[in-house]
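See structure below.
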Amino acid sequence: MKFLHSEKFLDMKAENLMIPLERVAHVQSKNNLEHALLVLTKSGYTAIPVLDYHDRLHGLISTPLIMEAILGLERIEFEKLESILVEEVMNKNIPRIRPESTLHQYLHLLVDHPFICIENDAGFFEGIVTRRVVLDLLTKH
Ligand code: 2BA
C-alpha cells in the first residue's frame, strides 16, 4: 500500500475535499423534530448537521435520535414531533476540524464518523468531509 504513505494524499487539506455549506442539508437548533424529519427524509441522509442562525455548528441530528425521542412505552408518538426542538435531542458531542486540517490529522475520525464537520477559526461552519469523498480519492490512485 505504497500510496497510503504518499505525502500528497495525507497532506490533502479538508477545505479541498469539502462539500460546502450551501450544498450540505442541515437544520437549525430551534427547528422542531417534524421539520428535521422532513429534511432528513427529503435529502435521503441519515444524519445531518445542526446550525444556528449565524451558521455556527451545534451538533448532529439523525433519524434514530428522533425515533428514540418519540418512542413511547407502546407506540411511536408521532404527535410529539411538533413540540420537541432539535436542540433537545441532537448529539452535541461531535468531532470538528479546521479547513486547513490535513487528512493525516482526521482520517482516523472517519472510521467511526461517516462525515466530519469543518469549522473555521471564528467558529463558523464551513462544510463537511465525507467518507465517500476520501474513499473515492483513494480508489482513483
Ligand atoms: P448516510 O446518510 O448514512 O449515507 C451513507 C452513504 O450513502 C453516503 O456516504 C452516500 O454514499 C450514500 N448516500 C446516502 N444518501 C445519499 C444522497 N441523497 N445522495 C447521494 N448519496 C447518498 P457519504 O457520501 O460518505 O456520506 C456520509 C454521511 O455524510 C451521510 O451518511 C450523511 O450523514 C452525511 N452527508 C453526506 N453528504 C451530505 C450532504 N450533502 N448534506 C448533509 N449530510 C451529508
Side-chain angles (χ1 to χ4, degrees), residues 1 3-141:
M1 292 290 278
F3 178 64
L4 285 179
H5 300 288
S6 153
E7 291 281 294
K8 262 193 182 161
F9 178 69
L10 292 174
D11 284 347
M12 290 287 290
K13 288 189 176 151
E15 61 196 354
N16 296 324
L17 299 177
M18 175 172 84
I19 296 175
L21 167 60
E22 56 273 19
R23 287 202 284 121
V24 175
H26 61 276
V27 290
Q28 292 187 332
S29 47
K30 299 288 180 197
N31 287 151
N32 63 21
L33 293 189
E34 188 174 26
H35 179 77
L37 195 56
L38 205 75
V39 176
L40 283 160
T41 307
K42 281 272 178 195
S43 67
Y45 296 116
T46 51
I48 53 174
V50 179
L51 309 180
D52 63 19
Y53 293 111
H54 305 285
D55 291 341
R56 277 184 303 241
L57 177 67
H58 286 244
L60 294 185
I61 190 75
S62 65
T63 311
L65 281 174
I66 294 176
M67 286 304 163
E68 205 184 312
I70 61 167
L71 193 64
L73 281 180
E74 291 185 357
R75 52 180 277 273
I76 299 174
E77 297 165 351
F78 285 107
E79 63 278 12
K80 280 189 176 171
L81 284 173
E82 211 182 329
S83 56
I84 305 175
L85 298 182
V86 167
E87 64 185 2
E88 298 173 57
V89 170
M90 67 187 178
N91 175 15
K92 297 177 196 159
N93 185 18
I94 53 163
R96 296 142 192 260
I97 56 174
R98 292 274 183 261
E100 64 277 10
S101 298
T102 55
L103 199 50
H104 89 262
Q105 292 172 311
Y106 65 83
L107 185 59
H108 67 284
L109 295 173
L110 287 166
V111 174
D112 289 326
H113 304 272
F115 68 99
I116 313 294
C117 293
I118 304 171
E119 211 175 41
N120 65 22
D121 288 341
F124 295 106
F125 176 81
E126 291 211 345
I128 58 174
V129 177
T130 63
R131 252 182 216 161
R132 183 192 169 94
V133 166
V134 172
L135 288 176
D136 192 42
L137 188 72
L138 182 62
T139 55
K140 282 190 178 127
H141 285 76

Subject >> Closest contact, heavy atoms only, Val129 versus Ala14 >> reply: CG2-O, 3.8 Å
Original post:
Hey, what do you get for CD (Glu87) to CG (Asn32), rounding to the nearest 0.5 Å?
Top reply: 11.5 Å
Subject >> Student check: side-chain heavy atoms of Lys8 and Asp11 closer than 4.5 Å >> reply: no
Subject >> Within 6.0 angstrom of Arg132 CZ, more than 12 heavy atoms from elsewhere >> reply: no
Original post:
Could you go step by step and tell me if Leu17 and Leu137 meet the side chain to side chain contact (heavy atoms under 4.5 Å, CB included) rule?
Top reply: CA-CA 9 Å; Leu17 299 177; Leu137 188 72; 3.9 Å; yes
**OP:** Locate the shortest heavy-atom distance separating Phe125 from Pro49; write the atom from each residue and the value.
**Re:** CZ-CG, 3.9 Å
Original post:
Rounded to the nearest 0.5 Å, what separation is found between the CG atom of Leu109 and the CD1 atom of Ile94?
Top reply: 11.0 Å
**OP:** Any chance you could lay out the side chain to side chain contact (heavy atoms under 4.5 Å, CB included) test for Leu107 and Val134, step after step, and finish with the verdict?
**Re:** CA-CA 9 Å; Leu107 185 59; Val134 172; 3.8 Å; yes
**OP:** Please report the C-alpha distance between Asp121 and Arg98 in whole Å, then the side-chain angles of each, then the deciding distance to 0.1 Å, and finally whether the side chain to side chain contact (heavy atoms under 4.5 Å, CB included) criterion is met.
**Re:** CA-CA 7 Å; Asp121 288 341; Arg98 292 274 183 261; 3.0 Å; yes
Original post:
Hey, are the side chains of Ile48 and Phe115 touching, using non-hydrogen atoms and a 4.5 Å cut-off?
Top reply: no
Counting only pairs under 3.5 Å, give me each side-chain donor-acceptor contact of residues 55-63, with atom names and distances, residues two or more places apart or in other chains.
{"unit_1": "Arg56", "atom_1": "NE", "unit_2": "Asp52", "atom_2": "OD2", "d": "3.2"}
{"unit_1": "Arg56", "atom_1": "NH2", "unit_2": "Asp52", "atom_2": "OD2", "d": "3.4"}
{"unit_1": "His58", "atom_1": "NE2", "unit_2": "Asp52", "atom_2": "OD2", "d": "3.0"}
{"unit_1": "Ser62", "atom_1": "OG", "unit_2": "Leu65", "atom_2": "N", "d": "3.3"}

**OP:** Please report the shortest heavy-atom distance between Lys30 and Tyr53, naming the atom on each side.
**Re:** CB-OH, 4.2 Å
**OP:** For Glu82, look at atom CD and say whether over 12 heavy atoms of other residues, nucleotides or ligands are found less than 6.0 Å away.
**Re:** no
Subject >> Between OG on residue Ser101 and CD1 on residue Ile116, distance to nearest 0.5 Å >> reply: 10.5 Å
**OP:** Inspect the contact between Lys13 and Glu100 and indicate whether a charged nitrogen and a carboxylate oxygen are less than 4.0 angstrom apart.
**Re:** no
Subject >> Side chain to side chain, Thr41 and Leu37, heavy atoms closer than 4.5 Å >> reply: yes
Original post:
Any donor-acceptor pair under 3.5 Å linking the side chain of Asn31 with the backbone of Gln28?
Top reply: yes
Original post:
Less than 4.5 Å apart, any side-chain heavy atom of Leu21 and any of His26?
Top reply: yes
Subject >> Approximate separation, where rounding is to 0.5 Å, of Met18 CE and Thr130 OG1 >> reply: 12.5 Å
**OP:** Mind listing the closest non-hydrogen atom pair of Ala25 and Tyr45 along with its distance?
**Re:** CB-CD1, 4.3 Å
Original post:
Is there side-chain contact between Phe124 and Glu119, with heavy atoms separated by less than 4.5 Å?
Top reply: no
Original post:
What heavy-atom pair brings Asn120 and Glu126 nearest, and what distance separates the two atoms?
Top reply: ND2-OE2, 3.1 Å
**OP:** Specify the closest pair of heavy atoms between Ser83 and Glu88, including all atoms of both residues, with the distance to one decimal.
**Re:** O-OE2, 4.2 Å
Subject >> Residue Glu74 excluded, over 12 heavy atoms near CD under 6.0 Å >> reply: no
Subject >> Close side-chain approach of Val27 and His35, heavy atoms under 4.5 Å >> reply: yes
Original post:
Which of these, Ile70, Ile66, Leu33, sits in a side chain to side chain contact (heavy atoms under 4.5 Å, CB included) with Lys80?
Top reply: Ile70
Original post:
Rounded to the nearest 0.5 Å, how far apart are CG of Leu110 and CG of Leu135?
Top reply: 8.0 Å
